[in-house]
Amino acid sequence: MANLKLDRVGKTYAGGVSAVENASFEIADGEFIVLVGPSGCGKSTMLRMIAGLEEITDGDVQIGDRSVNGVEPGDRNIAMVFQNYALYPHMTVRGNMAYGLRNQGMPKPEVEARIAEAARFLQLEPYLDRKPSALSGGQRQRVAMGRAIVREPSVFLFDEPLSNLDAKLRTQLRAELKDLHKRLGATFIYVTHDQIEAMSLADRIVIMSAGRIEQIGTPMELYANPASTFVAEFIGAPPMNVLPVTGEAARAFLAQEARVPDDLGHVGIRPELMSIGDNGIPATITLVEPLGAETLVHLKMGADKLIMRSGHGLALDAGAEIKVAVEAGALRFFDRDGRTRSA
Amino acid sequence: MVENRPLAAILTHVVLIAGIVFLCFPVWVALVASTHPGEALQRSPIPMWFGDQGFANYSQLLREGVPAAGGVPLSTMMLNSLFMALGITVGKIAISLISAFAIVYFRFPFRMLFFWLIFATLMLPVEVRILPTYDVVASLGMLNSYPGLIIPLIASATATFLFRQFFMTIPDELVEAARIDRAGPLRFFWDILLPLSRTNIAALFIILFIYGWNQYLWPFLITTDQDLYTVVMGIQRMVNVGEGVPIWNYTMGTAILAMIPPVLVVLVMQRLFVKGLVESEK
Amino acid sequence: MQKRVVFRNRWLPYLLVAPQIAVTLIFFIWPAYQALETSFFVEDVFGFSRNFVWFENFTRLFADKGYLRSFWTTLVFGLSVTFLSMSMALALAVAANRVLKAATAYRTFLIWPYAVAPALAGVLWYFMMNPSLGILAYMLEGTFGVDWNHYVNGNQALLLVIIAAAWKQISYNFLFFLAGLQSIPKSLIEAAAIDGASPTRRFWTIVFPLLSPTTFFLLVVNLVYAFFDTFAIIHATTNGGPADATSILVYKVYSTGFVGQDYGSSAAQSVILMVLVIAMTVVQFRFIERKVQY
């Protein structure tokens, strides 16, 4: 087990393209960190730099207080689970798990013992002598995790491990992963583009955009107080409504607020912090999406469009005119560059 | 096909059978001729059904060869052909595997130069550089030797490109997983790349074995020692016997013996052969 | 072209390419360079000295009627072999593609000649066409009254080597045509049938155009085969004769150099052939490159 520290880490490719810039954060021992962001934001590059699969061009990566720049991936005491599993197709499940240990020169009885333990842990015992091609997607993913577990690494790295699975299996494995983290107590670093995965798994989320870290915090911190419009619109489904201050909707919201910071660019409000009231801001319903437990109501305020989350059993249809009430303290303020401003 | 017309179906089979007859007839004639005594093949029309000298002819060929053409036993020639074919095949596969590995999995100065050098071999068949290549082999003292028969032919752009193509389809994550599992380049090559290339190696083996076995000009140029004759080039001595008339029963017997190994390989390993042929041309 | 992840090692990659590069340099590049150099020299009769003569070897070649005729022979030979073997192979492939169940069985009987050495193919046909006892020569005389004698008739000798060369190449073309045909979606043919196109019309308007990449590829491969790989057929049978009637360019390089001992001229011929192969390889690869981009 180990803590991990990234100090002003950057990656610039030979052509001058910058994938990651000036990224600094620390990860405590045993923490579950999720790197999240849209594709191309540099999250995978960051993970691969931690793994040593990608050379870093600036800064310093430390694992357990030891700088690992230039240390081979095999010598960093890490394990990695890949999106496409990357199981060795010609080896059995047992062979896949044993390969790294054998390369370390571990004696055979110990290798066998570790595999047996991991197999029991992951319920892979019946499949040990099968080839990966004879396994289902979920089973392959478990084998990939088994291969990581037997190494008993100080840090586990996950590169979108659930992306190749169908929605149902993904939900199930997500829960298993969280359970696994609890039982192993090891440091997990997990990359995904799926904000739901990030929210449900992470102790802390590192959200990235265009090679830069946008915000680091617990899932609820990010949800409640996004540091930028980017974070506001990335986290949450449906996302926060972000309205330009020049629009009618923003002006109507701001008119109800006592203290408003100056130099505003945008105003944000979460869909669930609005409700239909007797008085409030007039709006027209353009679309109603009943999802069972809740209903998404698409609204139009002047030229602005926004989404409101409502309980089940809403008896209104598109075209209805309503009044929208806002909870106190629900508004979030952003400047013209999209950064948060506090009142 | 879309319609079901009996006439078209019959025509289809007629075309196919005609094609098969056209392809098989020469071999049939040769096979029949090789079972007759020499005298039966001295006036037209020659017999179209088997004679009774088959066993005698083939055992004469294998044990003593054709005296008028040097009298090298066919068994010797076929063994030479086998050594040459296997040498060329194994050599080509081995050096192509490792050079494709280097080109795909390393980044190093002159990588592209090496790539184009290997590519250039495609454009320089033996036939167009006969004399100077002969001179090189002669000056290296490799005339009349197995290395001389084999080594100059083992460079292979085709095999290198095939392996390169195949390596490119292997997911990057497999290398990354191997690196995390502490496998260095050679261990990765041996433990992972080589086992994964098995089918490709086998398919290529067939194509290259045929290529090696069927070499003609090269062994003809560099062997003057009869003990090193290969069977495909040896037959030429039986056809061109100077003023004499070729001893056709023996010549055809030799042709049959010379084609048996490669044809057998194709027929027995048909699926691999087709795969190898189609893929090595991509 | 390359992997995202590569191994780092200073000397290993060089060690790995070394055998291939060594063989290439020693037995390919160096001889090719030698041919190029020699093509600019004329050696005296005894081989004691040689003189730099610029392009004299080349100008002499192109003034030589025999060499120009060899060009012509090569062209006739190459085109005939290509056309014969490709058209027969296409007919067989179309037929084999129609008989779904028996296709594999037929295929077995059609592909084996690929494994027969060109030299042996030559010898087989040489025997069948032998003027005094060849079974085909006998039938030609009996049925059509053709007096077949490739020992004296140059055209007949050329025809003989054309047939032998085409015979051997049919299997190869057949396999590629069959693969090409099998990759044409059945729904296209069915759509054309619904549009009322007759089977013949369907072939020429749908199948044949879709097959054109295969056809073009085979065209180049067959020409290369006919120009270079058929040396053995000619050497083992007609020896370029009678009277140079079957002396194609590759045979000429050999006979000028080894038999005629005219090294300068042979080298110049090598250089011309190299230019030819390079041109054909470039055409082939440009084409493949384009195909990849689709």
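So that the names make sense, note that chain A is the first sequence line, chain B the second, and so on, each numbered from 1.
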Part of [X] within contact of chain C (heavy atom distance under 4.5 Å):
X        : answer
B:Thr251 : side chain
B:Met252 : side chain
B:Leu221 : side chain
B:Val15  : both
B:Ile20  : both
B:Phe273 : side chain
B:Leu117 : both
B:Pro261 : neither
B:Ile95  : both
B:Met233 : neither
B:Pro125 : side chain
B:Ala183 : backbone
B:Ala18  : neither
B:Phe119 : side chain

If you count heavy-atom pairs under 4.5 Å with chain B, which of [options] comes out on top?
options                                : value
C:Leu273, C:Ile135, C:Leu136, C:Leu175 : C:Ile135
C:Ala96, C:Ala267, C:Gly122, C:Ala179  : C:Ala96
C:Thr104, C:Leu133, C:Ile272           : C:Leu133
C:Val253, C:Val116, C:Val250           : C:Val116
C:Phe109, C:Trp167, C:Tyr251, C:Phe228 : C:Trp167

Would you say the side chain of [Y] lies within less than 4.5 Å of the side chain of [X], judging by non-hydrogen atoms?
X        : Y        : result
B:Ile98  : C:Val17  : no
C:Tyr254 : B:Ile130 : yes
B:Pro152 : C:Val23  : no
C:Phe27  : B:Leu153 : no
B:Ile46  : C:Tyr138 : no

Check your understanding: Are the aromatic ring centres of C:Phe231 and B:Trp218 under 6.0 angstrom apart?
Key ->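 They do not qualify: ring centres at least 6.0 Å apart.
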Review point. Are C:Phe258 and B:Tyr134 close enough that their ring centres sit under 6.0 Å apart?
Key: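 Ring centres of B:Tyr134 and C:Phe258 closer than 6.0 Å.
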What residue in [options] has the most heavy-atom pairs under 4.5 Å with chain C?
options                               : result
B:Met48, B:Gln236, B:Met238, B:His13  : B:His13
B:Pro132, B:Pro262, B:Ala255          : B:Pro132
B:Ile170, B:Leu267, B:Leu16, B:Val136 : B:Leu16
B:Val27, B:Val14, B:Asp135            : B:Val27
B:Val175, B:Thr254, B:Leu124, B:Ile17 : B:Leu124
B:Phe101, B:Phe22, B:Phe189           : B:Phe22

Practice item. Using only heavy-atom distances, determine whether the side chains of C:Arg98 and B:Thr12 contain a donor-acceptor pair under 3.5 Å. Key: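 On atom types as modelled, these side chains qualify, holding a pair under 3.5 Å.
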For the [atom1] atom of [X] and the [atom2] atom of [Y], what is their distance to the nearest 0.5 Å?
X        : Y        : atom1 : atom2 : value
C:Asn9   : B:Phe108 : CG    : CZ    : 11.0 Å
B:Thr121 : C:Ile29  : OG1   : CD1   : 8.0 Å
B:Leu186 : C:Leu15  : CG    : CG    : 9.0 Å

Between [X] and chain B, which part of the residue has a heavy atom less than 4.5 Å away: side chain, backbone, both or neither?
X        : result
C:Leu25  : side chain
C:Thr237 : backbone
C:Leu110 : both
C:Leu92  : both
C:Ile278 : both

Review point. How are the rings of B:Tyr105 and C:Phe7 set to each other: parallel, tilted or perpendicular (split at 30° and 60°)?
Key: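 Tilted, since the angle between the ring planes falls between 30° and 60°.
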Review point. Parallel, tilted or perpendicular: which fits the ring planes of B:Phe114 and C:Tyr14, with parallel below 30° and perpendicular above 60°?
Key: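 Because their plane-to-plane angle is over 60°, the rings of B:Phe114 and C:Tyr14 count as perpendicular.
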Where is the tightest heavy-atom contact between [X] and [Y], given as atom of each residue plus distance?
X        : Y        : answer
C:Ile26  : B:Leu140 : CG2-CD1, 4.1 Å
B:Ala102 : C:Pro13  : CB-O, 3.7 Å
B:Asn214 : C:Ala115 : ND2-O, 3.1 Å
B:Leu131 : C:Ser266 : CD1-OG, 3.6 Å
B:Val232 : C:Ala119 : CG1-CB, 4.0 Å

Practice item. Using modelled atom types only, decide if a donor and an acceptor are shared between the side chain of B:Arg129 and the backbone of C:Gln34 within a distance under 3.5 Å. Key: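 Checked: no pair found.
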Exercise for review: May I ask you to decide if B:Ile118's main-chain N or O and C:Gln20's side chain share a donor-acceptor pair within less than 3.5 Å?
Suggested key: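 Not confirmed, C:Gln20 side chain does not pair with B:Ile118 backbone.
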**Study point:** Flag if over 12 foreign heavy atoms under 6.0 Å of CG, B:Leu7
**Key:**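 Counting neighbours around CG of B:Leu7, 12 or fewer heavy atoms of other residues, nucleotides or ligands fall under 6.0 Å, so no.
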Check your understanding: Going through the checks in order, is the side-chain contact (heavy atoms from CB on, under 4.5 Å) test met by B:Phe106 and C:Arg8?
Key -> CA-CA 7 Å; B:Phe106 290 89; C:Arg8 267 166 295 177; over 6 Å; no
Review point. Pairs in or reaching into residues 107-124 of chain C: which pass side chain to side chain donor-acceptor pair (under 3.5 Å), with residues at least two apart or in two chains?
Key: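 Found B:Gln270-C:Arg107, B:Gln270-C:Thr108.
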